[in-house]
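Everything on this sheet refers to the single structure shown next.
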2 protein chains.
Amino acid sequence: MLEPERHQIILEALKVKNSVKLQELVELTNSSESTIRRDLIQLEQGKFLKRVHGGAARLQGKLQEPSMTEKSSKNLQPKRQIAQYAGSLVEEGDCIYMDAGSTIFEMIPFLPENIVVVTNGLTHVNELLEKNIKTFLIGGYAKPSTKALIGRGALDSLEHYRFDKCFMGVNGIHSQFGYTTPDPEEAMVKELAISLSREAYVVSDESKFSEIAFAKIADLHSAAIITNELDPDTLEQYHSKTKIKVVTS
Amino acid sequence: MLEPERHQIILEALKVKNSVKLQELVELTNSSESTIRRDLIQLEQGKFLKRVHGGAARLQGKLQEPSMTEKSSKNLQPKRQIAQYAGSLVEEGDCIYMDAGSTIFEMIPFLPENIVVVTNGLTHVNELLEKNIKTFLIGGYAKPSTKALIGRGALDSLEHYRFDKCFMGVNGIHSQFGYTTPDPEEAMVKELAISLSREAYVVSDESKFSEIAFAKIADLHSAAIITNELDPDTLEQYHSKTKIKVVTS
DNA sequence: TTCAAAATCATTCTTTTTCATTCAAAAAAC
DNA sequence: GTTTTTTGAATGAAAAAGAATGATTTTGAA
């Protein structure tokens, strides 16, 4: 059986149920366990499903949403919880900057329609336009790995704008070294965007805390932090230096 | 069995299932494995299907119009012929501007790798990056319908660049009114890009000749034209006003 | 909770299938 | 009749699939 055919079968199976056992797929396709495992790895990488112990599960970000039911569901992934809160901060009529990156991307479903978005994230544009949101891209070098626009062109473009709010992804949050990211070119863009905004928000899950990446973006106090769970000690440590919102389930 | 006939059979088979085994095709056509492989290579190049290990798969991007299936895929569709020629004009080391739009998009497979591309076409970026081409995007408003970047931001961004060559799509080519396009905002971007280039090319099939759209981009002489078939009278008419290359099969 | 059995997983290795390339024969074009 | 194009066969190379191993996770009973 051909690979595309198997993939088809697997995805079809996931349309019916929320999850399938690996063993079921083995029988459905008359292939070996190994082969199905390899397929699942591929499909997971392509973001078509999520592997779980014993098989695969439909991923909820994808495709249709019973959107309202999902929103109200208490089991949003942490990332989406944060994104939902961040999105709720945006008001009708706002002009906001959205940084590139998957965390910020997750905000899009939770944005109001009547806003203007400026972004350096190529991947965001389609989603934003789908939602009928007026979207501007800054210029710059298209970084192959992250599809972010950076460099001189990005900085030049940014200077023509001012924002009500900006939402940033970072790689490190540290009480002493502030916000950091691996690429200095990206750091410059982020820094500038923050300085052009009335209110700046760093959106991050707890894994970035106490991490330090190569290039500094800005000091802690220059942006508020939106995150999910955080142990009380760590929270206290940052709370004195900047505003920090912990989104709980 | 004739070549077009086999191609027909292969494509028909793909209309039923979305993948076929090579072995099935061998039996269906009473041809050798080698022959089918060669057919698949041709059909893949013509973008009629995707080869996969073990056979071929329908490409899900678009359903191809039946008229195309008739033609031998060795003869590229007109659009691709033009695109191929335009691509061949680009030399290693060049820095070029690529306009948004599907005609220009088709050039990408025919570009050399060692170049720098600046574009206002959001849809181009992924393909360009796939080919490891250094890509810059200009900024601007993301027009929902065409995914082109236009407006003030686009113009500002452009001014920082100079190009060896630029490749433009247009909606109208007229011996008196020159090059035109429906959207004045887009027209401004195109005009500026042309003026920033040492050599400018308008890439267009014959359907745009003698058409006039709302907004003027530039006079005929400001860019050379690359097109496919054109009747001798029309050709003569334009030939006196600008350079024009007719790409023949 | 803790432990051990069962199930599932990642990894590696082997076998099988498919692929690209080359070359010679057949067919078609000139 | 010669040249060009198309086809089929043979080769080693590459990829995919299957099978086996030990590690990891889950499960359920103590």
Side-chain angles (χ1 to χ4, degrees), chain A residues 1-14 16-59 75 77-78 207, chain B residues 1-14 16-60 69-77 80-81 84 109 113 130-132 248-249:
Chain A
M1 175 170 298
L2 250 38
E3 180 177 290
E5 202 174 337
R6 282 197 316 269
H7 286 193
Q8 189 75 18
I9 291 175
I10 293 173
L11 293 175
E12 286 298 327
L14 273 177
V16 185
K17 307 194 288 176
N18 277 357
S19 62
V20 276
K21 291 215 194 93
L22 186 126
Q23 207 46 46
E24 297 178 45
L25 296 173
V26 167
E27 287 166 24
L28 266 170
T29 60
N30 291 317
S31 313
S32 71
E33 212 172 275
S34 307
T35 300
I36 298 296
R37 284 187 203 289
R38 277 186 277 253
D39 285 340
L40 292 184
I41 290 171
Q42 278 184 265
L43 289 169
E44 182 176 46
Q45 285 173 346
K47 300 240 159 89
F48 293 104
L49 51 76
K50 190 178 67 171
R51 294 185 75 193
V52 295
H53 198 91
R58 197 194 306 180
L59 40 86
N75 283 343
Q77 302 295 349
S207 69
Chain B
M1 179 174 295
L2 274 56
E3 179 183 286
E5 200 175 341
R6 281 200 315 273
H7 286 193
Q8 195 68 29
I9 291 175
I10 294 172
L11 292 172
E12 285 300 325
L14 273 176
V16 185
K17 309 194 288 174
N18 36 4
S19 63
V20 276
K21 288 214 252 288
L22 186 127
Q23 208 46 47
E24 296 178 44
L25 295 173
V26 167
E27 288 166 24
L28 266 169
T29 61
N30 292 316
S31 315
S32 73
E33 211 173 275
S34 308
T35 300
I36 299 296
R37 283 187 204 290
R38 277 185 279 253
D39 287 340
L40 293 185
I41 290 171
Q42 288 182 353
L43 289 168
E44 183 177 47
Q45 285 173 347
K47 301 243 163 136
F48 295 101
L49 50 77
K50 188 178 72 169
R51 294 185 74 194
V52 296
H53 200 92
R58 197 195 304 175
L59 36 87
Q60 57 198 65
T69 59
E70 307 277 349
K71 300 185 178 176
S72 162
S73 56
K74 256 187 307 184
N75 298 335
L76 298 170
Q77 298 126 269
R80 305 200 75 211
Q81 286 178 352
Q84 178 165 32
E113 277 200 21
E130 290 273 325
K131 278 207 64 165
N132 284 322
T248 55
S249 312

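Hydrogens, waters and symmetry mates play no part in the numbers below; they use all other heavy atoms, side chains included. Numbers restart at 1 for each chain; the letters A, B, ... are given by sequence-line order, proteins then strands.
- If one axis is set at each end of the helix from C:dT1-D:dA30 to C:dC30-D:dG1 from five pairs, those axes are 40° apart, to 10°.
- A close approach under 4.0 Å does not occur between any side-chain nitrogen or oxygen of A:Ser31 and OP1 or OP2 of D:dA17.
- B:Leu22 places its CG atom 15 Å from the C1' atom of D:dA15, with the value rounded to the nearest Å.
- By the 6.0 Å contact criterion, NZ on B:Lys17 is enclosed, its count of non-hydrogen atoms from other residues, nucleotides or ligands being greater than 12.
- Distance B:Arg6 CZ to D:dG8 C1': 11 Å, rounded to the nearest Å.
- Note on B:Val26: nothing from the nucleic acid sits closer than 4.0 angstrom, heavy atoms only.
- For the atom pair A:Glu5 CD and B:Asn18 CG, the distance stands at 8.0 Å (nearest 0.5 Å).
- Both A:His53 and B:Gly55 lie near DNA chain C, and the one whose nearest nucleotide falls closer to the 5' end is A:His53.
- When the side chain to side chain contact (heavy atoms under 4.5 Å, CB included) test is applied to A:Ser19, the partners found at least two apart in sequence or on another chain are A:Ala57.
- Whole-Å rounding puts the B:Gln23 CD to C:dC19 C1' distance at 13 Å.
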Distances under 3.5 Å between protein N/O atoms and the N/O atoms of nucleotides 20-27 of chain C, please, pair by pair.
| unit_1 | atom_1 | unit_2 | atom_2 | d |
| --- | --- | --- | --- | --- |
| C:dA20 | OP1 | B:Arg51 | NH1 | 3.3 |
| C:dA20 | OP2 | B:Arg51 | NH1 | 3.1 |
| C:dA20 | OP2 | B:Arg51 | NH2 | 2.7 |

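- In this structure, B:Leu40 atom CG and D:dT7 atom P are separated by 13 Å, rounded to whole Å.
- For A:Ala13 against A:Leu25, the heavy-atom pair with the smallest separation is CB-CD2, 4.3 Å.
- With contacts defined as side-chain heavy-atom distances shorter than 4.5 Å, the pair A:Arg37/A:Leu22 qualifies.
- Distance B:Lys21 NZ to D:dA16 C1': 13 Å, rounded to the nearest Å.
- OP1 or OP2 of D:dG18 sits under 4.0 Å from a side-chain N or O of A:Ser32.
- Distance, B:Leu25 CG to D:dG8 P: 14 Å, rounded to whole Å.
- Looking at heavy atoms from C-beta onward, A:Leu49 lies in side-chain contact with A:Glu44 at the 4.5 angstrom threshold.
- Here the side chains of A:Ile9 and A:Arg6 are not in contact, with every heavy-atom distance at 4.5 Å or above.
- A donor-acceptor pair under 3.5 Å is absent between the side-chain atoms of B:Arg51 and the main chain of B:Leu40, judged by distance alone.
- A:Asp39 has its CG atom 16 Å from the C1' atom of C:dC9, to the nearest Å.
- Contact record, B:Pro109 with B:Lys131: O-NZ, 3.3 Å, taken as the closest heavy-atom pair.
- Here the P atom of nucleotide C:dT17 and the CG atom of A:Asn30 are 15 Å apart, to the nearest Å.
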